[in-house]
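A note on names: the letters A, B, ... follow the listed sequences, proteins ahead of strands, and every chain is numbered from 1. All values below were derived from every heavy atom in this structure, side-chain atoms included, with hydrogens, water molecules and symmetry-related copies excluded.
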2 protein chains.
Amino acid sequence: MRHPFLLKAALLILQSALTRKLSAFVSLVDDDLETLARFHQRRRTFMPGHELVHEGEKRQSAFVLAEGWACSFKILPDGERQIVDFQIPGDFLGLRSILFRTSDHSVQAITRIEASEVLSSDLLNAFADAPRLATAVLWAASRDEAMVVERLCSLGRRSAEERMAHFLLELGARLNILGIGDLTDFACPLTQYHLGDALGLTAVHVNRVLRRLREDNLLTMRNGQVTILDLERLKGLAGFDANYLDQDGPLLR
Amino acid sequence: MRHPFLLKAALLILQSALTRKLSAFVSLVDDDLETLARFHQRRRTFMPGHELVHEGEKRQSAFVLAEGWACSFKILPDGERQIVDFQIPGDFLGLRSILFRTSDHSVQAITRIEASEVLSSDLLNAFADAPRLATAVLWAASRDEAMVVERLCSLGRRSAEERMAHFLLELGARLNILGIGDLTDFACPLTQYHLGDALGLTAVHVNRVLRRLREDNLLTMRNGQVTILDLERLKGLAGFDANYLDQDGPLLR
DNA sequence: CGGCCTCTTGAGACAGTTCAACCTATGTGG
DNA sequence: CCACATAGGTTGAACTGTCTCAAGAGGCCG
């Protein structure tokens, strides 16, 4: 560290969504932050629909999403798509694709996005330099897994309306943590096809479900804006408990 | 290391299923193995049905499964159960419950099991002492996530028969990697209720599905023994591609 | 202006559920 | 050692949530 003051200033400016997210779990010290900042070289812009990570291809990069929305998905042999999750700023894109020889999923930009490429070596070097980062990344991956598990419960045991309610509550909570939008009123660029492919429904049925939720005065979704009208009743319908997002302040000091 | 020879001998004997699994991803050196061996103090036995990890409880331990079968699951507000995955020797039980303040899931023994308790501090110390282990554990967690993702695809986009076929093929592959049973003929202690709760079906429908698969000469499942009669046709039906199990020899040297 | 994407609604079909009954194997207390 | 309870498995009949197919409307962009 030749210029500690300048460096620290630079780090504060660079405070990325990822840094904020990981800091919510472990208290990162300057060395950790410096190491983490290396993840943010190689920043790039991608247009909507661009596929950043390709299922079945080897030796791929991961990315850290800085701006915009993306989704990770698998295509089944019959051409059907299952969306696994949507990513918002601070989320990893294709983390498993640098740990696995061959990527088991694809990632696509939904809006115009900005993302920094992270090479396999970046990650492994970071773990050697800053073991606390390893814990933080494992935590972030576990939080992603917790969301997939919750979605699994939705597809396995919840009705279409419960799924939709649960999904939109989760989305609101995630965006709210980031400081993007409100718990009950947020912008959302997803189409009804996206929702269907994520929730294991057809787009046609998504439309009917949204209509019923609207007619029940529970929520509206129009022109890319979700407005939750009756939060408590919606939570009751969905059986929503934000526990699994594990968001209440740093655990590890 | 006072007695390098004795230590190494001890490590070889201690070669646990976990060690073998992680070694399939990173080449672990003696120091790593020694650190890993600490995960295997506090070995305990649990009877069938015993709940080792409790959803909603704080400050819980994780375990490494050494013998037997377990399952991780969530209970929804209406009392329905969604089984997230089954664990076999070498798998972590409740890893997320030491990373999260509050466990987001429960874990229960299916057969009589042997498992070693792993404290939060064990894991964090191990990461500091042996950064390669951090990578290996992240890989193991990612592999678990890949299985959950694949199950998500099943529940979202596959028919009941395709789900069952896919699930049993995955199980055969996992057991085969461990050297327990054959790809096409293995012991399986799961009831039709377990299968239903894992696959998002009722036990009644599981029964009908198994009958149809049997009548099609694809597989039989009787008295805790699964026998796959026509592997290729079953793989075709399920759209099964073992890629996501990422099993082809050490990646990281 | 025409084409494409997204949303909307209706009618009929079907995969999987629900409820209910019965069967077999295993274990347990009297 | 029988009586009974319990857990797992099997099958039928009726029901229903979601899908499929089909058609049309609105908005945006080249």
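Whole-Å rounding puts the Tyr193(B) OH to dT6(D) C1' distance at 11 Å. Here the P atom of nucleotide dT17(C) and the NE2 atom of His205(B) are 6 Å apart, to the nearest Å. When rounded to the nearest whole Å, the span between CZ of Arg211(A) and C1' of dT8(C) equals 8 Å. The nearest whole Å value for the distance from the CZ atom in Arg158(A) to the C1' atom in dT18(D) is 18 Å. Taking atom NE2 of residue His194(B) and atom P of nucleotide dG9(D), one finds them 10 Å apart after rounding to whole Å. For the pair Met164(A) CE and dT18(D) C1', the computed distance is 13 Å after rounding to whole Å. Distance, Glu162(A) CD to dT18(D) C1': 14 Å, rounded to whole Å. Distance CZ (Arg212(A)) to P (dT18(D)): 7 Å, rounded to an integer number of Å.
Nucleic acid contact class of Gly200(A) (heavy atoms, under 4.0 Å, all strands): sugar-phosphate only. Within 4.0 Å (heavy atoms only), Arg208(B) reaches at least one base atom of the nucleic acid. Note on Gly196(B): nothing from the nucleic acid sits closer than 4.0 angstrom, heavy atoms only.
The side chain of Gln192(A) places an N or O atom within less than 4.0 Å of a non-bridging phosphate oxygen (OP1 or OP2) of dT8(C). The shortest distance between the side-chain N/O atoms of Asn207(B) and the OP1/OP2 oxygens of dG9(D) is not below 4.0 Å. Contact annotation: Thr202(A) side-chain N/O to dC19(D) OP1/OP2 distance is under 4.0 Å.
Between Phe46(A) and His50(A), the ring-plane angle classifies as parallel under the 30° and 60° cut-offs. Using cut-offs of 30° and 60° for the angle between ring planes, the His194(B) and Phe86(B) rings count as perpendicular.
You'll find the side chain of Leu171(A) stays beyond 4.5 Å of the side chain of Val226(A), heavy atoms only.
In this structure, Leu22(A) CG and Ser16(A) OG are separated by 8.0 Å, a value rounded to the nearest 0.5 Å. Rounding to the nearest 0.5 Å gives a distance of 11.5 Å between CG of Leu213(A) and CG of Asp230(A).
Toward the 5' end of DNA chain C, the nearer of the two residues Val204(A) and Arg157(A), judged by each one's closest nucleotide, is Val204(A).
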